Amino acid sequence: MDVDLKATLCGGQCFSWKEKDGVYTAVMDGRLVSIRNTDDIRREGLSRYFDLDYPYGEARAYLASLSSVMKQAVSYAPGLHILNQDEWCATISFILSQNNNIKRITSLYDTLCRTYGTSVGDGSYAFPTQEQLSHATEAELRELHFGYRSVYLVSAAEEWKPIPRDLPTEEARKELLRRKGIGPKVADCILLFGLHRMDTFPMDTWMKKVMSRFFPGKDGSLFAPYEGLAQQYLFQAMREGGLSC
DNA sequence: CACCAGGCCGTGC
DNA sequence: GCACGGCATGGT
């Protein structure tokens, strides 16, 4: 099955892609990339980023077998994939996300690129590296409308280090929770979208609504070993009104 | 005016 | 351990 680009790129996993007339564009590894379909993904060498080798067919079948609501959520956007994003970029992105909406997160993400990132031409900018963002000050960020998240960004750039790839999810989570501005929800988003830990289930305000309404008393472990994918299916369906009793 | 958005932190109990 | 208010900003 082809990747659903809209569900995958514009559903709150990442904030770097722009869509125009069915063409999705972003800066990847220092160059501007445009794609329209799964063939373009392969042609541009983005198979890993789009997670093409993960057994989505198997995961979909299993999740859909669990409950009618989950089946409905899966059928809403079956081509949804979980991206393999850069850990640094995902960390900053989800620090921006707290108590915020996707539109404004995207806008703030854009401001970071234009202010601190490297130009790649055509008015586009790469996401700033840790070194580039470490030049930002709290006062400067506040002027750029980052609000109380400003201090978290400064701290993240100062104290950044990658999580060892072989560290078990629960220990990685503890490490993330020590960092300023990273709580349970942001940590889980970094684990899922930046480290591809499918055994995480980020609980934001939308997911709290989903769980209390459709799976009262349960948690993400109900969907093991595909918690993360299940979460994203439910998140999308709930936000766009695709779930009914 | 209120309340909400991919929440977290510090305080008080 | 848990509940609560404060926090920046922009949209409805």
Side-chain angles (χ1 to χ4, degrees), chain A residues 4 6-17 73 76-77 80-112 114-115 127 136-160 173-215 219-220 223 227-243:
Chain A
D4 183 334
K6 181 172 184 290
T8 302
L9 298 176
C10 304
Q13 292 191 57
C14 66
F15 308 94
S16 53
W17 293 84
Y76 191 73
L80 170 66
H81 280 213
I82 301 294
L83 297 168
N84 282 292
Q85 297 183 65
D86 173 72
E87 183 188 343
W88 158 251
C89 180
T91 299
I92 299 302
S93 297
F94 286 97
I95 286 175
L96 296 180
S97 79
Q98 61 180 268
N99 203 28
N100 213 341
N101 57 64
I102 290 177
K103 186 180 174 188
R104 205 169 87 88
I105 299 164
T106 305
S107 162
L108 291 176
Y109 180 97
D110 226 44
T111 299
L112 281 187
R114 289 198 315 273
T115 309
F127 187 77
T137 65
E138 183 188 345
E140 199 171 55
L141 290 166
R142 282 186 178 266
E143 279 185 30
L144 292 168
H145 312 290
F146 286 87
Y148 65 85
R149 304 172 188 84
S150 301
V151 62
Y152 301 153
L153 295 177
V154 169
S155 167
E158 273 175 5
E159 301 169 8
W160 163 255
R173 193 166 191 267
K174 279 180 192 165
E175 164 56 31
L176 288 169
L177 288 175
R178 285 191 211 113
R179 304 180 186 179
K180 199 170 298 182
I182 297 181
K185 155 59 173 63
V186 170
D188 284 345
C189 282
I190 295 168
L191 289 169
L192 179 56
F193 303 128
L195 291 159
H196 205 270
R197 300 299 176 93
M198 206 60 101
D199 55 339
T200 55
F201 195 79
M203 275 291 243
D204 72 331
T205 56
W206 293 98
M207 289 308 297
K208 285 175 186 167
K209 291 177 198 167
V210 171
M211 295 310 283
S212 63
R213 179 169 169 191
F214 297 110
F215 305 98
D219 60 28
F223 309 111
E227 292 97 322
L229 181 61
Q231 192 272 4
Q232 199 60 12
Y233 278 133
L234 291 168
F235 176 76
Q236 302 248 357
M238 184 66 189
R239 275 205 329 134
E240 305 199 3
L243 294 180

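In what follows, chains carry the letters A, B, and so on, assigned in the order in which the sequence lines appear, proteins first and then strands, with residues in each chain numbered from 1. Below, all heavy atoms of this structure are taken into account, side chains as well, without hydrogens, waters or symmetry copies. Everything numeric in this text was worked out from a predicted model, so none of it was measured.
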Just how far, in rounded Å, is [atom2] of [N] from [atom1] of [X]?
X: A:Leu144; N: C:dG10; atom1: CG; atom2: C1'; value: 16 Å
X: A:Ile105; N: C:dA8; atom1: CD1; atom2: P; value: 18 Å
X: A:Tyr109; N: B:dA5; atom1: OH; atom2: P; value: 24 Å
X: A:Leu112; N: C:dT9; atom1: CG; atom2: P; value: 15 Å
X: A:Leu96; N: C:dG10; atom1: CG; atom2: C1'; value: 15 Å
X: A:Asn100; N: C:dT12; atom1: CG; atom2: P; value: 14 Å
X: A:Gln98; N: B:dC9; atom1: CD; atom2: P; value: 7 Å
X: A:Phe146; N: C:dC7; atom1: CZ; atom2: P; value: 21 Å

TODO: State which of B:dC8, C:dG11, C:dA8 makes the closest approach to the side chain of A:Tyr148.
DONE: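 From the listed options, C:dA8 comes nearest.
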Task: Selected nucleotide, minimal atom distance to A:Pro184 side chain, candidates B:dA5, C:dG10, B:dC8 - done: B:dC8
If you take all heavy atoms of [X] and [Y], which pair is closest and at what distance?
X: A:Asn100; Y: A:Arg104; result: OD1-NE, 3.2 Å
X: A:Ile95; Y: A:Ala156; result: CD1-CB, 3.8 Å
X: A:Met238; Y: A:Arg213; result: CE-NH1, 4.2 Å
X: A:Ala77; Y: A:Tyr233; result: O-CE2, 3.2 Å
X: A:Met207; Y: A:Pro202; result: CG-O, 3.6 Å

Is the shortest side-chain N/O distance from [X] to OP1 or OP2 of [N] below 4.0 Å?
X: A:Arg149; N: C:dA8; value: no
X: A:His145; N: C:dG10; value: yes
X: A:Lys180; N: B:dG10; value: no

Considering every strand and a 4.0 Å limit on heavy-atom distances, what is the contact class for [X]: base, sugar-phosphate, or nothing?
X: A:Lys208; value: nothing
X: A:Ile102; value: sugar-phosphate
X: A:Gly181; value: sugar-phosphate
X: A:Gln232; value: base
X: A:Met203; value: nothing

Looking only at atom [atom1], what distance separates [N] and [M], rounded to whole Å?
N: C:dG6; M: B:dC1; atom1: P; answer: 15 Å
N: B:dC3; M: C:dC4; atom1: P; answer: 16 Å
N: B:dA2; M: C:dG5; atom1: P; answer: 15 Å

Open item on the list: Both A:Asn99 and A:Lys103 contact DNA chain C. Which one's nearest nucleotide lies toward the 5' end?
Closed with: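 By nearest-heavy-atom nucleotide position, the 5'-most residue is A:Asn99.
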Task: Closest-nucleotide 5' rank along DNA chain B - winner of A:Leu177 and A:Pro202 - done: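 With A:Pro202 and A:Leu177 compared, the 5'-side residue is A:Pro202.
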Task: No-H, no-angle donor-acceptor pair, A:Tyr152 side chain to B:dG7 base, under 3.5 Å - done: no
Task: Note, A:Phe15 side chain near A:Leu96 side chain (heavy atom, < 4.5 Å) - done: no
